[in-house]
Amino acid sequence: MLHPDRLLRNVGDARFVDVTDQVGLGDRPGENSFSWTSAWSDIDRDGDLDLFVARWGIRAPGVEGILATKRSDSRLFLWNGEHFEDATERLGIGPFVSDAAILGAAFGDADGDGDPDLFLSSPTRRGSVLLRNEGGSFALQQRFDTGFGVAFVDFDHDGQLEILQAGLAGARTSVQAAVYGRRIGAPTTGRTRLFRRLADGSWSDVEDFLEGELAIGTMGSSYGDLDNDGCYEVYLGTGGPEPWFQLPNLLYLGRREGAKCQLRADNASMMQSFGSIQKGHGVVFFDFDGDGDQDVISSLGGMWPGDRWPNQLFVNESPAVGSWLELRLRGRQSNRHGLGAAIRVVAQRPDGGEVVRTATIDGKTGFGSGPLVARFGLGDATSVESVEVRWPVSDCRASYRVEIDARTVLDEDVCRAVSGTQSPTSGAGT
């Protein structure tokens with residue numbers, strides 16, 4: 001259970017080299033990592049990526065065995081060009097991770113000021129917090145209920161990010177709620193929630209976000225777009241450490257009205273065996289076979305030592321899918337993959353109307369990662385009118401021309417060459 005963190009460097013010939021100690025990410029003397037997930041972002045806007053490692057850092061005095069082992073707190077590391085510097089205390093993170101269990105972490109521009117803010121998801125009510133980035137240091141914005149995996153995502157494509165926090169609950173709580181309709185403790189326990197930002201800057205729970213609001217705890221989650229309509233599906237891998245905790249994994253289809261996506265999703269868990277009964281873990285939406293629609297891989301098992309239940313790969317063969325666009329960024333002044341870049345796509349429908357979709361390059365939910373690309377479902381659109389990119393470090397903004405139903409690389413140098421005031425003739429980069 002307690003295993004040192006490892007950073008493996010890709011050396012370019014299908015081999016990885018362990019550089020953990022070399023870059024300063026090894027455990028401190030006398031401490032042990034009990035890490036759950038990681039999140040990457042360019043916090044200090046210097047063009048390279050920094051790292052947050054979420055750990056179970058709660059001490060358990062008076063007990064014996066593994067629970068008595070001293071565990072490392074979650075840490076925030078800044079890359080200084082040669083190694084990672086522990087900046088947890090200096091940047092104000094320390095009070096929020098000291099003696100705390102953090103299961104999920106995500107960076108996102110919560111207030112629209114261009115800086116990455118940080119959401120920490122915890123099984124304790126004290127621990128789930130949104131931390132506001134104030135020029136490179138962090139301060140408390142708001143506390144939230146318990147949860148597991150977390151991500152910033154613009155569900156309704158209005159240009160303002162929402163927060164998706166997967167639910168967390170014990171086996172008894174989940175089974176009582178799902179099977180018998182009974183609630184134990186707080187009414188929100190185990191429920192996966194979507195939070196949106198209000199005019200006063202606070203965040204509020206979106207009511208009836210997931211149809212039925214099943215209070216089933218999760219150990220994996222992610223989102224994607226299976227029918228290319230631009231409205232996100234949510235897949236939850238349910239379960240927990242208890243061997244009898246067996247409930248269906250849950251799939252919800254994003255709800256659309258016309259060309260607009262709603263902050264609602266409908267339960268379709270019994271479709272195509274998505275509601276399998278086995279402990280769920282990581283979930284990834286990606287185009288496995290390169291045919292223009294997204295597929296899903298779901299890791300299962302781990303119910304007991306040696307549980308080798310096979311993972312699931314759902315290959316999307318539905319003919320009823322819309323147009324799409326996939327964009328990979330090539331940062332120059334910004335980080336290479338453009339993490340933190342905001343993208344807005346406007347496409348034309350046959351009736352002359354517009355389809356507007358937005359996305360941010362990010363790492364998804366931690367317990368459900370994905371390729372570092374922006375994927376846009378465009379429904380019945382027939383052409384792309386514009387693709388606008390806001391790069392995270394240079395703050396350069398430009399409109400790129402791209403073809404529909406295609407994968408395109410957008411280069412930051414093209415944006416900088418036109419100073420964000422003209423439309424380049426091509427989005428292709430190297």
Side-chain angles (χ1 to χ4, degrees), residues 2-55 57 70-98 102 105-109 114-118 120 131 133-138 328-341 360-364 366 369 371-372 391-396 409 411-413 415-416 429-430:
L2 296 177
H3 190 282
D5 298 334
R6 313 313 303 166
L7 180 66
L8 304 180
R9 174 176 291 162
N10 188 336
V11 296
D13 58 357
R15 292 187 306 113
F16 289 83
V17 176
D18 188 334
V19 296
T20 310
D21 294 329
Q22 175 185 336
V23 299
L25 292 178
D27 280 342
R28 298 173 177 177
E31 292 191 334
N32 297 276
S33 296
F34 187 9
S35 300
W36 289 72
T37 188
S38 61
W40 298 84
S41 183
D42 185 358
I43 298 168
D44 51 6
R45 298 171 65 88
D46 63 353
D48 51 42
L49 292 177
D50 310 302
L51 171 66
F52 181 86
V53 180
R55 295 171 175 164
K70 184 179 181 180
R71 303 175 183 179
S72 307
D73 289 330
S74 302
R75 311 307 294 173
L76 178 64
F77 298 96
L78 297 185
W79 178 253
N80 65 13
E82 296 181 355
H83 64 272
F84 284 97
E85 169 203 351
D86 186 342
T88 310
E89 301 298 333
R90 179 166 63 85
L91 299 188
I93 301 291
F96 305 102
V97 299
S98 177
I102 308 298
F107 288 101
D109 187 5
D115 294 325
D117 306 299
L118 177 61
L120 304 180
L131 303 179
N133 189 331
E134 297 181 337
S137 61
F138 292 85
R328 185 180 296 275
L329 302 191
R330 176 61 173 97
R332 304 291 180 172
Q333 185 175 346
S334 303
N335 65 86
R336 181 178 180 86
H337 297 288
L339 263 75
T360 302
I361 303 291
D362 64 5
K364 303 299 186 291
S369 58
L372 296 178
W391 294 87
V393 173
S394 63
D395 203 31
C396 185
V409 177
D411 198 305
E412 186 176 14
D413 271 352
C415 179
R416 296 168 66 193
T430 57

For Glu134, enumerate each residue passing the side chain to side chain donor-acceptor pair (under 3.5 Å) test, keeping only those at least two apart in sequence or located in another chain. Arg132
Identify, with sequence neighbours excluded, every residue that meets side chain to side chain donor-acceptor pair (under 3.5 Å) alongside Gln22. none
As a quick check of understanding, evaluate side-chain contact (heavy atoms from CB on, under 4.5 Å) for Phe34 and Ser72, giving each step before the final call. CA-CA 7 Å; Phe34 187 9; Ser72 307; over 6 Å; no
For Phe84, enumerate each residue passing the ring pair (Phe, Tyr, Trp, His ring centres under 6.0 Å) test, keeping only those at least two apart in sequence or located in another chain. Trp79
With salt bridge (Lys or Arg N to Asp or Glu O under 4.0 Å) as the test, would you mind laying out the steps for Asp18 and Arg6 before giving the verdict? CA-CA 7 Å; Asp18 188 334; Arg6 313 313 303 166; 3.0 Å; yes
Measuring only between side-chain heavy atoms, which start at C-beta, is [X] closer than 4.5 Å to [Y]?
X      : Y      : result
Asp5   : Val53  : yes
Ile93  : Leu118 : yes
Val393 : Asn335 : no
Leu8   : Val17  : no

Check the pair Leu120 / Val97 against side-chain contact (heavy atoms from CB on, under 4.5 Å), numbers first and verdict last. CA-CA 9 Å; Leu120 304 180; Val97 299; 4.0 Å; yes
Whether the side chain of [X] engages the backbone of [Y] through a donor-acceptor N/O pair (distance < 3.5 Å, no angle test) should be reported.
X      : Y      : answer
Ser33  : Pro4   : no
Ser369 : Gly363 : no
Glu412 : Gln333 : yes

Rounded to the nearest 0.5 Å, the OG atom of Ser98 sits from the CG atom of Asp73 at a distance of 5.0 Å
Scan side-chain atoms only and decide if Arg55 and Ser35 contain a donor-acceptor pair under the 3.5 Å cut-off. yes
Only pairs at least two apart or in different chains count here, so list each salt bridge (Lys or Arg N to Asp or Glu O under 4.0 Å) that has a residue in residues 74-93. Arg28-Asp86, Arg75-Asp86, Glu85-Arg90
Please test Ile43 against Asn133 for side-chain contact (heavy atoms from CB on, under 4.5 Å), starting from the C-alpha separation and ending with a verdict. CA-CA 8 Å; Ile43 298 168; Asn133 189 331; 4.3 Å; yes
Check the orientation of Phe138 and Phe107. Use parallel for under 30°, tilted for 30 to 60°, and perpendicular for over 60°. tilted
Asn10: what forms a side-chain contact (heavy atoms from CB on, under 4.5 Å) with it, not counting sequence neighbours? Phe16
Can you tell me which residue pairs pass the side-chain hydrogen bond (donor to acceptor under 3.5 Å, both in side chains) test with a partner in residues 37-48, sequence neighbours excluded? none
Mind running side-chain contact (heavy atoms from CB on, under 4.5 Å) on Asp115 and Asp109 for me, showing each step along the way? CA-CA 6 Å; Asp115 294 325; Asp109 187 5; 5.6 Å; no
